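Let me begin by presenting the structure, written as structure tokens, before commenting on it.
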Amino acid sequence: MPHLPDIFFYVFAALTLLCGFLVVVNPFSRSPVTSAMFLVLTIISMAGLFVLLHAFFLAAVQILVYAGAVIVLFLFVIMLLDLKEEQRRKLKTFSLAAGVISVGAIAGLTVKAILDSGPGKGLPAPTVEGATAPLGKLLFTQFLLPFEIVSVLLLVAMVGVILLSKKDLK
Amino acid sequence: MHVGLEHYLVVSALLFSLGLLGVLARRNVLVMYMSLELMLNAANLALVAFSRFNNNLNGQVMVFFIITVAAAEVSVGLALIVALYRKRQTAHVEDLTAMKL
Amino acid sequence: MSLLPWLILFLPLAGAVGITLFTQRDRDLSAKISIAAVWLSFFFSGLLCLFTSGTFKDAGLSAEWLTVGDLVVDFGFIIDPLSSLMLFIVTGVGGLIHIYSYGYMHEDRAVSRFFASLSLFTFAMLGVVLANNLLMMFIFWELVGVSSYLLIGFWYEKESAADAAKKAFITNRLGDFGFILGIILVWATLGGLNFSVLKETLAKNPGAMGGLATAAGLLLFCGAMGKSAQFPLHVWLPDAMEGPTPVSALIHAATMVAAGVYMLCRVFFLLDVPGSHAQLGYMVMAVGLAAPGAAMFHLATHAFFKALLFLGAGSVIHALHHEQDIWKMGGLKSKLPTTYRTFLIGTLALCGVPPLSGFYSKDGILAAASPSGSHPNPFLFILVVGVAALTAFYMARLFLVAFLGKAKDHCVDHAHESPGVMIWPLRILGTLSVIAGFMGLEQMLGRFFGDEHAHSLGYIAQLFAPFGHAPLAAFFGLFATVLGFSVAYALYANASTDPLPAKLGFLARAMRDRFYFDEIYTGLIRLTHEAISYVASWIDRWLVAGLVVRGTHGTTELFGRALRLVQTGNLQTYAFLLVLGVALLLFIILK
């Protein structure tokens, strides 16, 4: 009789992979909006996986930042550009096949390597919780410098975006 | 069989490959960008799994930073795409061949 | 004391530099600087001679100049009777020529340049004379070549002068090439370049040079051949007359040609090895006959009267406003009395009429070759006698046509004697030509070269010495002179044109064209030149341009074209290639 968390894992993992697949290859629609919506689903199911790994704070951040901000940004841009459906151009079968084969090779190699490395023994009992308090403590003590640098990076990105979005971009 | 580290890693690898396929196969720059996000998330998943496996929070801090950088990257990248679209009136990667002589 | 050689050597250089840098505009001052420099050198040479009183001094006068591996080259001086004598000749006769040039070149625009070149030449000659090792000698030797190039080509606007300068320089280079090969050979076999060191090495071990002695001798000789204009490198000398006449005097008489003989005397001990005499003997006779004392003696007297003759000729040319054809002269005896008298002395000295200097010095060489001499050699003896007769003949011809008889052209009418600055050098040289024979130079040089028979005689005894110890030589020398004179007199006493070409026919034409040496050399050079350039062109066209250049650019272009196909400009192609690379890498690592 499997564990309840294990069942959840399989469910969320299947959802993640399925939605990820639909982001990339959607047999029914070529609209970027569809891809964006499936990306939201992928991220939410991944947040579920984070919860299973006791990374509660990250699960929340995942949903807030990705689903709340990034995807919204994507949708805004899609609307701004008024993109039509990706035209069904003639696929270059050769390049597509080459892409699938090489990606498959990478996936196969990696997965095989992972599975060969050792039989699954399950995860050890959790001793630390990925909650807000411990993570915050770590961020403001041990990782203070990277944290500050990242804040500067955000500032730079902000300035860069404003500059890039100006109409008379030279 | 209990779900262990390798299960998460396999999911992460597959997700990464899916993203890679998207970057290679899709022609819409925006969708390629979403595929890139998928790849980043796959890396995040692996890191969180490692963090759990080692019972310390360093991996999670790393993911936190990755998410921040990814957010910055998405904003800049999208701004670039918008600027590009304004100039070239296209979001199709095949039409963006300025690198060819 | 040890400062003196430096002063002697570098005063003329200072003069040349000073003239070139500062007094280019002031022609008069330039001339005076140059003259002062050379006479100061003369003065210091006298002092040096007085102090050292002819003793051999080499130590303390040299500075280490460069060291390459175990080769140490000094910049030093050698002071011995040989170099002292040459110092006097170079600065003395050279100084007279300087003074003479002051008058001769007075109207030339570029007097400053002329005197700068003269000073440079003097500097180079003094360097050759004073050098205490072969390399230093070679460097100054080259400098002599350069400055003679400047002097011969002084009137470079004239194409013939420029050509003559080039010819002299290039011909000299040919000889110098042999010289430097000889130097290298000597260094390789004996391991040193200092004359004194070489001398010691050879004294200790006479066979040190082994079989290479002949080769080294011939190569060194090659250098002397170029400078002294010996056959077959003689072709530059006649052309060198294109330079101003004082330059001809300097080159012919006083110094440059003498440099070759001096060098051979300096390295005589190197050549003094059994076996090498025979080859060299036929070329520079006296040295080859192991009589360098006689050679230097003749060199000294020769410097006096040859310079005298050239300067006399220059005086005539000057008086006749650069008319050089002797068949337009004649009757100059009354117009140019001083020139006439000094020229007569020079002619008689050159022809070896006793008691003038030429007789004694020539007799020394003849005596060495005569049956009773140190190195009997009948062939050479006859050769020298023959040459002496020819000399007497051509000098008498020149003298009879130019100075005696009636004026053959109206340009003679306006001739007037040259100014004092030109006449006085003639007088001094004339006096020297008369007395040099019995001043005792021969004995001094003889002692230096280790001839134990040399001993001082009274002046009167000296006068008749040749008849005493080698009567045969003296007699034949005189006979040759008289013969030459009589033939010349018979042909030219009252001639108004040259009767000889008609009588000699083909020989005369061949002589006029200098036995076609220039033509032969031109043809030879053209042939070798064309052969070499054909090979060079083949290599250039097929190996350099074809294989190397075109091969390189072809390969590069081929690769470039192939690689250009990869650059599609499509982002996804690049991404695909990247992924392919990653897949390969993973495959290799994980496998």
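Below, chains carry the letters A, B, ... as their sequence lines are ordered, and counting in each starts from 1. Because the structure is predicted, anything quoted here is derived from the model rather than measured.
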Counting heavy-atom pairs under 4.5 Å with chain B, the top scorer among A/Leu49, A/Ile106, A/Val61 is A/Leu49
Looking only at A/Thr110, A/Ile162, A/Leu154, the option with the highest number of non-hydrogen pairs under 4.5 Å against chain B is A/Leu154
request  = May I have the step-by-step check of side chain to side chain contact (heavy atoms under 4.5 Å, CB included) for B/Ile66 and B/Leu40, ending in yes or no?
outcome  = CA-CA 8 Å; B/Ile66 290 178; B/Leu40 272 172; 4.0 Å; yes
Under 4.5 Å to a heavy atom of chain B? For A/Ala69 that would be neither
Assert top hit (heavy-atom pairs under 4.5 Å, partner chain A, pool B/Glu37, B/Met34, B/Glu73, B/Met32) equals B/Met34
Whatever's closer than 4.5 Å to a heavy atom in chain B on A/Leu17 counts as both
Pair count under 4.5 Å, heavy atoms only, with chain A: among B/Val11, B/Leu57, B/Val10, highest is B/Leu57
Checklist entry - Using the ring of each side chain (for Trp, its six-membered ring), is A/Phe147 parallel, tilted or perpendicular to B/Phe64, with breaks at 30° and 60°? => result parallel
Of A/Val65, A/Leu73, A/Val103, A/Thr42, the largest count of non-hydrogen pairs under 4.5 angstrom with chain B goes to A/Val103
Of B/Val23, B/Leu24, B/Val76, B/Ile81, the largest count of non-hydrogen pairs under 4.5 angstrom with chain A goes to B/Val76
*side chain to side chain contact (heavy atoms under 4.5 Å, CB included) between B/Ser51 and B/Asn58: does it pass, once the steps are laid out?*
CA-CA 7 Å; B/Ser51 165; B/Asn58 288 358; over 6 Å; no
One option among B/Val48, B/Val74, B/Val82 has the most heavy-atom pairs under 4.5 Å with chain A, and it is B/Val48
The residue among A/Val70, A/Val23, A/Val24 that forms side-chain contact (heavy atoms from CB on, under 4.5 Å) with A/Leu39 is A/Val23
Chain A shares the most heavy-atom pairs under 4.5 Å, among B/Leu21, B/Thr68, B/Leu20, B/Leu9, with B/Leu21
When the 4.5 angstrom heavy-atom criterion is applied to B/Phe16 and chain A, the contacting part is neither
Between B/Gly19 and B/Ser35, the two heavy atoms sitting closest are O-CB, 3.3 Å
Okay, B/Asn56 and chain A: the region with an atom under 4.5 Å from a heavy atom over there is backbone
| message | Strictly distance-based, threshold 3.5 Å: is any side-chain N or O of B/Arg86 a donor or acceptor partner for the main-chain N or O of A/Ser165? | response | yes
If you tally heavy-atom pairs under 4.5 Å between each of A/Ala13, A/Gly108, A/Pro5, A/Ala36 and chain B, the highest tally belongs to A/Ala36
The interface call for A/Leu135 against chain B, heavy-atom contacts under 4.5 Å, is both
Heavy-atom nearest pair, A/Val161 first then B/Ala79, reads CG1-CB, 3.9 Å
Taken to the nearest 0.5 Å, the spacing of B/Met62 CE from A/Leu58 CG works out to 12.5 Å
Taken to the nearest 0.5 Å, the spacing of A/Thr16 OG1 from B/Leu14 CG works out to 11.0 Å
Report task. Measure centre to centre between the rings of A/Phe9 and B/Tyr8, then say whether the value is under 6.0 Å. Result -> yes
For A/Phe56, does the CZ atom have more than 12 heavy-atom neighbours from other residues, nucleotides or ligands under 6.0 Å away?
yes
Greatest number of non-hydrogen atom pairs under 4.5 angstrom with chain A, of B/Val69, B/Asn44, B/Leu78, B/Val63, falls to B/Leu78
Pair count under 4.5 Å, heavy atoms only, with chain B: among A/Phe74, A/Phe57, A/Phe143, highest is A/Phe74
Highest number of heavy-atom pairs under 4.5 Å with chain B among A/Ala14, A/Pro146, A/Ser102, A/Gly104 belongs to A/Pro146
